[in-house]
**Student:** 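Encoded as structure tokens, here's the structure I'll be asking about.
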Amino acid sequence: MEGVGDDGASTAAAAFNQRRHEASKLFQHYLDKSTPHALYRWIGTFVLVFLYALRVYYVQGFYIVSYGLGIYILNLLIGFLSPLVDPELEPSDGPMLPTRDSDEFKPFIRRLPEFKFWYAITKAFCVAFFLTFFSMFDVPVFWPILLCYWVVLFALTMKRQIMHMIKYKYIPLNLGKQKYSGKKASASTGNSPRAD
């Protein structure tokens with residue numbers, strides 16, 4: 001009779017694993033479909049950030065969770081602003097950032113791509129929002145000290161990152177398509193350098 005109970009448990013576990021796999025595939029499908037819609041993804045994330053801030057303000061607590069979230073986002077931001085291959089740490093034969101104007105142009109490749117940056121931030125806010133429903137994570141702290149410490153940490157980290165950008169002359173933000181401003185056509189059409 002023991003075999004009958006084990007068979008039912010293994011069938012239930014197999015069915016549960018099958019459902020979990022199907023849910024994972026469906027989630028990945030919608031995640032893949034959202035990839036080209038960066039603006040809408042970020043709007044959704046900012047709505048989640050607003051809901052989290054509203055929740056923390058409403059309960060007047062969970063400052064340690066918010067501080068941990070801030071440190072995690074700062075870490076993600078550094079990865080987003082850093083090149084894939086840091087020219088300071090490892091000289092390689094692969095793609096590197098140009099250090100002189102005469103060097104060949106190589107595109108900026110991030111250590112943390114935009115989609116993974118967005119996904120990690122969104123997951124972090126979801127987890128932090130979930131944690132605000134459990135009182136054991138509401139550790140009593142004096143929040144102004146945490147805020148001051150985080151601001152100092154942010155300022156020092158960004159100063160170091162900006163100095164690195166200036167030293168190696170790269171801009172990690174895509175400011176849109178650059179427009180070519182070539183030479184204007186001369187007014188006189190008779191002096192054409194090209195023979196037709």
**Student:** Is any side-chain heavy atom of Ile64 closer than 4.5 Å to a side-chain heavy atom of Phe137?
**Tutor:**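 No, every pair of side-chain atoms sits at 4.5 Å or beyond.
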**Student:** Return the set of residues passing side chain to side chain donor-acceptor pair (under 3.5 Å) with Ser34 (not counting sequence neighbours), or none when no residue passes.
**Tutor:**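 Result, side chain to side chain donor-acceptor pair (under 3.5 Å) vs Ser34: none returned.
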**Student:** Between Ile121 and Tyr72, is there a side-chain heavy-atom distance shorter than 4.5 Å?
**Tutor:**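 SC-SC contact between Tyr72 and Ile121 ruled out.
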**Student:** Main chain of Ala38, side chain of Trp118: is a donor-acceptor contact present, judged purely on distance under 3.5 Å?
**Tutor:**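 Flag not set: sc Trp118 to bb Ala38 has no pair under 3.5 Å.
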**Student:** Around Ile145, counting heavy atoms of other residues, nucleotides and ligands shown, do more than 12 lie under 6.0 Å from its CD1?
**Tutor:**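 No - once you tally the heavy atoms of other residues, nucleotides and ligands closer than 6.0 Å, there are 12 at most.
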**Student:** Might you point out which heavy atoms bring Gly61 and Val56 nearest each other, and give the distance in Å?
**Tutor:**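 Looking at all heavy atoms of both residues, the closest pair is O-CG1, 3.3 Å.
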**Student:** Is it possible for you to say whether Leu69 and Phe133 belong to one hydrophobic cluster, with membership spreading through side-chain heavy-atom contacts below 4.5 Å?
**Tutor:**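 In one cluster: yes.
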**Student:** Just by modelled atom types, is the Phe80 backbone N or O under 3.5 Å from a matching donor or acceptor in the Arg110 side chain?
**Tutor:** yes
**Student:** Would you say Phe46 and Trp42 make side-chain contact, with heavy atoms under 4.5 Å?
**Tutor:**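 Yes, their side chains come closer than 4.5 Å.
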**Student:** Would you call Leu77 and Gln161 a side-chain contact if the rule is heavy atoms closer than 4.5 Å?
**Tutor:**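 With C-beta onward as the side chain, the pair stays apart.
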**Student:** Can you confirm whether Phe50 sits close enough to Arg55 that some side-chain heavy atom of one is under 4.5 Å from a side-chain heavy atom of the other?
**Tutor:**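 No, too far: nothing below the 4.5 Å cut-off.
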**Student:** For a quick check under 3.5 Å, do Gln60 and Trp143 share a side-chain donor-acceptor pair by atom type?
**Tutor:** no
**Student:** Would you call Glu22-Arg19 a salt bridge at under 4.0 Å N-O?
**Tutor:**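 Between Arg19 and Glu22 there is a salt bridge, with a charged N closer than 4.0 Å to a carboxylate O.
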**Student:** Would you indicate whether the side-chain heavy atoms of Phe62 and Leu131 approach each other to under 4.5 Å?
**Tutor:**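 Sidechains of Phe62 and Leu131: no contact.
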**Student:** Is any side-chain heavy atom of Leu48 closer than 4.5 Å to a side-chain heavy atom of Cys126?
**Tutor:** yes
**Student:** Once rounded to the nearest 0.5 Å, what's the spacing between atom CG of Leu146 and atom CD1 of Ile71?
**Tutor:** 9.0 Å
**Student:** Does atom OH (Tyr40) have a neighbourhood of more than 12 heavy atoms from anything else shown, all under 6.0 Å?
**Tutor:**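 Count not over threshold, so no.
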**Student:** Do you know which two heavy atoms are closest between Met158 and Ile78, and how far apart they sit?
**Tutor:** CE-CD1, 3.5 Å
**Student:** Any chance you could measure Leu26, atom CG, to Leu31, atom CG, to the nearest 0.5 Å?
**Tutor:** 11.0 Å
**Student:** Aromatic rings Phe27 and Tyr119: how do their planes relate, parallel, tilted or perpendicular, breaks at 30° and 60°?
**Tutor:** tilted
**Student:** Can you see which heavy atom on Lys33 is nearest to which on His37, and at what distance?
**Tutor:** O-CD2, 3.3 Å
**Student:** Just by distance, no angles: are the side chains of Thr132 and Tyr52 close enough, under 3.5 Å, to form a donor-acceptor pair?
**Tutor:**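 Result is no, nothing qualifies.
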**Student:** Quick one: pull up CD1 in Ile73 and OG in Ser66 and give me the separation to the nearest 0.5 Å.
**Tutor:**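 Answer rounded to 0.5 Å: 9.5 Å.
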**Student:** Can you list, by chain and residue number, the hydrophobic cluster partners of Phe16 when the side-chain cut-off is 4.5 Å?
**Tutor:**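 In the cluster with Phe16 there is nothing else; it is isolated.
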**Student:** Would a 4.5 Å heavy-atom cut-off, applied to side chains only, mark Leu81 and Arg111 as touching?
**Tutor:** no
